[in-house]
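Comments concern the structure below.
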Amino acid sequence: MTVPIAIIGAGIAGLSAAQALQKAGHSVHLFDKGHGSGGRMASKRSDAGALDLGAQYFTARDRRFVEQVQQWVAAGWTAQWKPQLYNYRDGALSPSPDEQIRWVGVPRMSAITRGLLKDVTVNFGCRIAEVFRGKQYWHLQDTEGCSHGPFSRVVIAVPAPQATPLLAAAPKLAAVAAGVQMEPTWAIALGFEPPLETPMQGCFVQDNPLDWLARNRSKPGRDEQLDTWVLHATSNWSKQHLDLPKEEVIELLRGEFAELVGCVVPPPAFALAHRWLYARPAGNHEWGALADADLGLYACGDWCLSGRVEGAWLSGQEAARRLLEHLE
Ligand SMILES: Cc1cc2nc3c(=O)[nH]c(=O)nc-3n(C[C@H](O)[C@H](O)[C@H](O)COP(=O)(O)OP(=O)(O)OC[C@H]3O[C@@H](n4cnc5c(N)ncnc54)[C@H](O)[C@@H]3O)c2cc1C
């Protein structure tokens, strides 16, 4: 019997590690507390269709990630998004075209991690509470009290504050994760019928409670009926309003949106709010991944590099590389 490797977290970091380990001939078993893959790169199903409430688009700079994105494009999971971009600064809106290449999952952001799930064993709806080592192998305990294992090694691919308790068997790694601060983001979606009378499809906002606006159906492959907008608040505003009821968050951010968007904003036909408690790490790091190779415990995620999809994917690759290197 070959003892599989456990991966906690089916976001892009965990799936990147899973893919690299499988390619090297190892069997992996993923666990995720959510009901689908993607984590912060997931899309929320709603009455207004599937909405990208977390990652809005991603860029590719590292050669390895550029190649990976090309494969996702060839597989039909990814396409370029070319929004009509604006900037809002000092109370004024101005068009802000740029040369940046922006990628999105099609027909929704979660298409990428869904594609990566093929041929992978995964337990959804399973929140791991403890990672412990027996005489030879690792075991995981979930919050329902069920035990899973044995596993030869464990890769923890969750946001740093959630990784800290799971790294208890490697106190030095736990201390590194505990030192990483992650910032919250309130995201809301507003759907309009008829569509808003603006050519804007995306907007970077300065000096305002909002910092980003996107017209969801301007992304390739979307076919929603409503003109649905995703708005992100700044991390400062989100921190200050962390425990506000969702209805009030929607009301406040809708008001800010109506003031800056430059056209009449009728009452929305649809609205929802989502709070990302650990949206992004407060800063970048250069760890790649964390490893206690003798123990067989690894951690990866955007917080080991940069708070972006690319950073998370590269971190998953690095965790797999370090694990495989130790086996040689
Ligand atoms: C609002 C917002 C906007 C963003 N915008 C962009 C952007 O425009 N461009 C960009 O490149 N990036 C953006 N990002 C960042 C990007 O989404 C992340 O960097 C990336 O998706 C992180 O991937 P990950 O695999 O490291 O973590 P995650 O996606 O968080 O995956 C971790 C997974 O672990 C699971 N999990 C956690 N704890 C447990 C547990 N105890 N047991 C089992 N499962 C567990 C979670 O359910 C989750 O699925 C944005 C993020 C947010 C929130």
Side-chain angles (χ1 to χ4, degrees), residues 11 38-44 46 48 50-58 81 83 85-94 96 102 104 109 159-162 180-192 196 198 200-219 226-263 265-284 302-303 306-309 311-312:
R40 283 169 278 159
M41 214 186 159
S43 314
K44 190 176 174 72
S46 76
L51 302 169
D52 303 338
L53 292 182
Q56 296 294 293
Y57 61 83
F58 54 93
W81 179 41
L85 275 179
Y86 280 69
N87 227 313
Y88 181 83
R89 186 193 294 264
D90 300 331
L93 266 182
S94 52
S96 174
R102 298 180 168 82
V104 294
M109 199 52 109
Q162 294 167 322
V180 176
Q181 212 189 321
M182 293 195 70
E183 313 265 21
T185 296
W186 267 114
I188 70 165
L190 303 174
F192 300 98
L196 297 188
T198 169
M200 184 196 294
Q201 295 176 326
C203 183
F204 296 103
V205 182
Q206 266 91 38
D207 310 320
N208 190 276
L210 290 167
D211 74 358
W212 167 253
L213 322 173
R215 196 169 212 162
N216 203 66
R217 69 178 184 186
S218 68
K219 295 179 178 178
L226 290 180
D227 180 20
T228 304
W229 291 70
V230 172
L231 323 181
H232 285 165
T234 62
S235 47
N236 265 344
W237 190 93
S238 303
K239 255 186 257 175
Q240 283 160 12
H241 298 84
L242 205 57
D243 295 316
L244 210 62
K246 287 182 173 174
E247 302 71 46
E248 287 180 43
V249 171
I250 291 169
E251 227 14 66
L252 289 173
L253 296 180
R254 189 189 64 83
E256 299 293 344
F257 176 65
E259 275 195 24
L260 71 79
V261 74
C263 64
V265 177
F270 165 87
L272 69 72
H274 181 84
R275 186 183 69 174
W276 298 99
L277 208 44
Y278 306 122
R280 307 246 204 164
N284 290 348
D302 62 345
W303 53 276
S306 68
R308 296 186 290 116
V309 170

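What you see below is based on every heavy atom in this structure, not just the backbone, and it leaves out hydrogens, waters and symmetry mates.
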Check your understanding: Relative to the ring of Tyr57, is the ring of Trp81 parallel (under 30°), tilted (30 to 60°) or perpendicular (over 60°)?
Key -> tilted

Review point. Under 3.5 Å, side chain of Trp186 to main-chain N/O of His241, donor-acceptor pair present?
Key: yes

Exercise for review: For the pair Arg280 (side chain) and Pro184 (backbone), establish whether a donor and an acceptor sit closer than 3.5 Å, ignoring hydrogens and angles.
Suggested key: no

Practice item. Would you confirm whether Thr185, through its side chain, and Ser235, through its main-chain N or O, come within 3.5 Å as a donor-acceptor pair? Key: no

Check your understanding: Side chain of Arg40, backbone of Ala55: donor and acceptor closer than 3.5 Å?
Key -> no

Revision key, fill the gap. So CD of Gln206 and CG of Asp211: to nearest 0.5 Å the spacing works out to 9.0 Å

Practice item. Could you grab the distance from atom CD of Glu256 to atom CG of Leu231, nearest 0.5 Å is fine? Key: 10.5 Å

Check your understanding: Is a salt bridge present between Arg215 and Asp227, judged by a nitrogen-to-oxygen distance below 4.0 Å?
Key -> yes

Review point. Counting N and O atoms only, with roles assigned by atom type, does the side chain of Gln56 sit under 3.5 Å from a partner on the main chain of Gly54, one being a donor and the other an acceptor?
Key: yes

Exercise for review: Answer yes or no: is there a side-chain heavy-atom contact under 4.5 Å between Asn216 and Trp229?
Suggested key: no

Practice item. Might you point out which heavy atoms bring Met200 and Leu213 nearest each other, and give the distance in Å? Key: SD-CD1, 4.0 Å

Revision key, fill the gap. NE2 (His232) and OG (Ser238) are apart, to the nearest 0.5 Å, by 9.0 Å

Check your understanding: Would you call Ser43 and Leu51 a side-chain contact if the rule is heavy atoms closer than 4.5 Å?
Key -> no

**Study point:** Minimum side-chain heavy-atom gap Ser96-Tyr86 below 4.5 Å
**Key:** no

Check your understanding: To the nearest 0.5 Å, how far apart are OG1 in Thr234 and CG in Leu210?
Key -> 8.0 Å

Check your understanding: Is the shortest heavy-atom distance from the side chain of Trp212 to the side chain of Phe204 under 4.5 Å?
Key -> yes

Check your understanding: Looking only at heavy atoms, which two atoms of Phe192 and Pro266 are closest? And how far apart?
Key -> CE2-O, 3.2 Å

Check your understanding: Do the non-hydrogen side-chain atoms of Leu277 and Arg275 ever get within less than 4.5 Å of each other?
Key -> yes

Review point. How about Met109 and Phe58: do any of their side-chain heavy atoms sit closer than 4.5 Å?
Key: yes

Check your understanding: Any side-chain heavy atom of Arg102 within less than 4.5 Å of one from Leu85?
Key -> yes

Study note, to complete from the structure: One should read off an interatomic distance between Ile250 CD1 and Phe257 CZ, to the nearest 0.5 angstrom, of 13.5 Å

Check your understanding: Minimum heavy-atom separation for Val180 to Ala160, with atom names?
Key -> CB-CB, 3.6 Å

Review point. Should Leu190 and Thr228 count as side-chain neighbours, where that means a heavy-atom distance under 4.5 Å?
Key: no

Point to revise | CD-NZ distance between Glu251 and Lys246, expressed to the nearest 0.5 angstrom | key: 16.0 Å

Practice item. Measure from the side-chain N and O atoms of Trp276 to the backbone N and O of Leu53, and report whether any donor-acceptor pair falls under 3.5 Å. Key: yes

Practice item. Write down the atom of Met182, the atom of Pro161, and the distance for their closest heavy-atom approach. Key: SD-CD, 3.6 Å

Review point. Hey, is Asp52 close enough to Lys44 for a salt bridge, meaning N to O under 4.0 Å?
Key: no

